[in-house]
Asks: 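Encoded as structure tokens, here's the structure I'll be asking about.
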Amino acid sequence: MPRPKALVTRTLLPDALDIIRAVADVEVWPDEAPPSASELHGLAAHADGILTTIMDRVDAALLDAAPNLRVISQLAVGLDNVDVAEATSRGIPVGYTPGVLSKATADLAFALLLGAARRTSESERWLRGGGWQIQFHPTHWLGQDVHEACLGIVGLGQIGREIARRARGFDMDTVYHSRTRYPDAEAEYGIRYAEFSDLLAQADFVMLSVPLTPETHHLISGPQLAMMKPSGILINVSRGPVVDPAALYEALRDRRIARAALDVTSPEPIAPDDPLLTLDNLVITPHIGSAALPTRLNTMKLAARNLVAGLQGEPMEACANPEALA
Ligand code: NAP
Ligand code: GLV
């Protein structure tokens, strides 16, 4: 029997590629920049399986261009770039990578929270610019306490729970708002459920860990920012479009909220001349939530195993649409 053909749209670490090469002929897109839609469609024409990243638009047009496709494996937990319903209607299972990256993403969420609260990036820029002329000044660089502050988590999924777990170590008072109420998590992490508007009004730190869906697009816009405390800090580790960037810019510029910390932006990459980048009260990182080496390797290996399982017609470890094969 001929070996299946697998398309991998980004270079992976060798240990992950080896998992796929053991069972399939693999074509890896070699460039730093991702393939354009037409390049992707051309490459996928003969593929039996495709390993995608958040930059690949997996839609009806791609599926039309790939008539042999019998598995999609996404190297991410977020699937907002994938039309899962379309794949399901064609009987194509979609693998993804939940869980394996939750702790690393929660770690980064806390790095952002701490950095924004204690103004680490802002004061480092000042120091590097020659601003540190007096050894100690009692009123300089006053930030906010993290310990015993109120944290509001929006989206209590796998990442949200890891954030709640970390907040306990900082003696934070944590409330959450999510689509589903979780009494088990309330007991385990000592957290309380709140309606969205109550969370926004109460929290010193509003942490976004929802998926991007039609319901969460611009979940945070002008009215929601107006509900936050003037001392409030917004942290987004979910997807950029969950926050309306123009409304955030205005709220930060006018100091209607104190600070924000973003790992994700809209668009990505953010333009170098984006007005948000002119603001001192913004901490920003380039979508690195899960970018710790052991985590990334484990995530790649999971995506590789999902791809192989799909190529072999076996159940995946993590499948977003198991009904596709029913
Ligand atoms: P998850 O386990 O599916 O958790 C998402 C949570 O959000 C679930 O509890 C879900 O509710 C809740 N939710 C969904 N829609 C909602 C809504 N409209 N209002 C309130 N809550 C809602 O996913 P996860 O693994 O925690 O990941 C969450 C997202 O983080 C991913 O989708 C991805 O976009 C992003 N992410 C970013 C990075 C990064 O590098 N920055 C890394 C990994 C993931 P239910 O419990 O009812 O389903
Ligand atoms: C990363 O952003 C992911 O969704 O895994």
Side-chain angles (χ1 to χ4, degrees), residues 1-101 211-214 239 268 287 290 296-326:
M1 216 162 94
R3 279 158 63 87
K5 292 185 171 47
L7 171 64
V8 177
T9 66
R10 309 297 291 157
T11 301
L12 303 182
L13 292 166
D15 286 359
L17 277 177
D18 287 348
I19 293 171
I20 311 170
R21 287 196 171 117
V23 305
D25 292 338
V26 182
E27 178 167 14
V28 181
W29 175 255
D31 294 355
E32 278 289 305
S36 66
S38 63
E39 285 167 330
L40 184 59
H41 295 179
L43 288 165
H46 302 290
D48 298 295
I50 179 168
L51 192 149
T52 55
T53 75
I54 60 168
M55 287 180 298
D56 304 312
R57 185 126 304 280
V58 182
D59 54 10
L62 174 65
L63 301 183
D64 285 344
N68 300 339
L69 202 66
R70 51 181 201 271
V71 55
I72 296 158
S73 174
Q74 163 98 335
L75 178 73
V77 63
L79 285 167
D80 42 283
N81 60 308
V82 179
D83 188 339
V84 177
E86 185 64 38
T88 305
S89 73
R90 298 176 190 227
I92 301 174
V94 177
Y96 70 134
T97 61
V100 65
L101 43 60
L212 175 60
T213 65
R239 284 287 184 268
E268 287 184 3
H287 202 142
S290 64
R296 189 53 60 75
L297 178 59
N298 287 336
T299 308
M300 289 179 183
K301 285 180 169 177
L302 174 55
R305 293 195 302 273
N306 281 338
L307 185 70
V308 166
L311 288 173
Q312 296 182 326
E314 290 168 4
M316 294 179 188
E317 284 170 56
C319 182
N321 60 345
E323 67 276 17
L325 294 177

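Starting from 1, each residue takes its place in the sequence as its number. Quick caveat: nothing in here was measured; it's all calculated off a predicted structure.
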Asks: Ion pair present between Asp64 and Arg90, side-chain N to carboxylate O less than 4.0 angstrom?
Replies: yes
Asks: For residues Thr97 and Val100, report the shortest heavy-atom separation together with the two atoms involved.
Replies: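 The answer is O-CG1, 3.6 Å.
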Asks: Quick one: are Trp29 and Val8 in side-chain contact, heavy atoms under 4.5 Å?
Replies: no
Asks: Which atom pair, heavy atoms only, marks the closest approach of Asn321 to Pro93?
Replies: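 Taking every non-hydrogen atom into account, OD1-CA, 3.3 Å.
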Asks: When you compare the side chain of Asp56 with that of Leu40, does any pair of heavy atoms fall below 4.5 Å?
Replies: yes
Asks: Looking only at side chains, do Ser73 and Asn306 share a donor and an acceptor under 3.5 Å apart?
Replies: no
Asks: Would you mind reporting whether Val28 and Leu12 have side-chain heavy atoms less than 4.5 Å apart?
Replies: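 Result no, sub-4.5 Å side-chain heavy-atom pair not found.
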Asks: Any side-chain heavy atom of Leu75 within less than 4.5 Å of one from Thr52?
Replies: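 Heavy-atom side-chain distance check fails, nothing below 4.5 Å.
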Asks: Where do Leu7 and Ala47 come nearest, in terms of heavy atoms and distance?
Replies: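 Scanning both residues, the minimum pair turns out to be CB-CB, 4.1 Å.
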Asks: Would you check if the side chain of Asp80 reaches a backbone N or O of Leu212 as a donor-acceptor pair within less than 3.5 Å?
Replies: no
Asks: Using 0.5 Å steps for rounding, measure from the OG1 atom of Thr213 to the CZ atom of Arg239.
Replies: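 Going from the OG1 atom of Thr213 to the CZ atom of Arg239 covers 12.0 Å.
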Asks: Just wondering, do Ile50 and Thr9 contact through their side chains at under 4.5 Å, heavy atoms?
Replies: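 Side chain of Thr9 against side chain of Ile50, heavy atoms only: contact under 4.5 Å found.
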Asks: Would you say the side-chain atoms of Arg10 pair up with the backbone N or O of Ala33, donor to acceptor, closer than 3.5 Å?
Replies: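 Between the backbone of Ala33 and the side chain of Arg10 there is a qualifying donor-acceptor contact (under 3.5 Å).
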Asks: Just by modelled atom types, is the Lys5 backbone N or O under 3.5 Å from a matching donor or acceptor in the Asp48 side chain?
Replies: yes
Asks: Quick check: closest heavy atoms across Ala16 and Ala304, and the distance to 0.1 Å?
Replies: O-CB, 3.5 Å
Asks: So, Asp31 side chain and Pro34 main chain: donor-acceptor pair closer than 3.5 Å or not?
Replies: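 No, because the side chain of Asp31 does not come within donor-acceptor range (under 3.5 Å) of the backbone of Pro34.
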Asks: Would you indicate whether Glu323, at its atom CD, is surrounded by more than 12 heavy atoms from other residues, nucleotides or ligands within a distance under 6.0 Å?
Replies: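 It does: Glu323 CD has more than 12 such atoms within range.
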Asks: Keeping Arg3 on the side-chain end and Val26 on the backbone end, is there a donor-acceptor pair under 3.5 Å?
Replies: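 No; judged by distance alone, with no hydrogens or angles, the pair does not exist.
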Asks: What distance separates Glu86 CD from Ile72 CD1, expressed to the nearest 0.5 Å?
Replies: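 It is 9.5 Å, given to the nearest 0.5 Å.
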Asks: When you compare the side chain of Val71 with that of Met316, does any pair of heavy atoms fall below 4.5 Å?
Replies: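 Touching, per the 4.5 Å side-chain cut-off.
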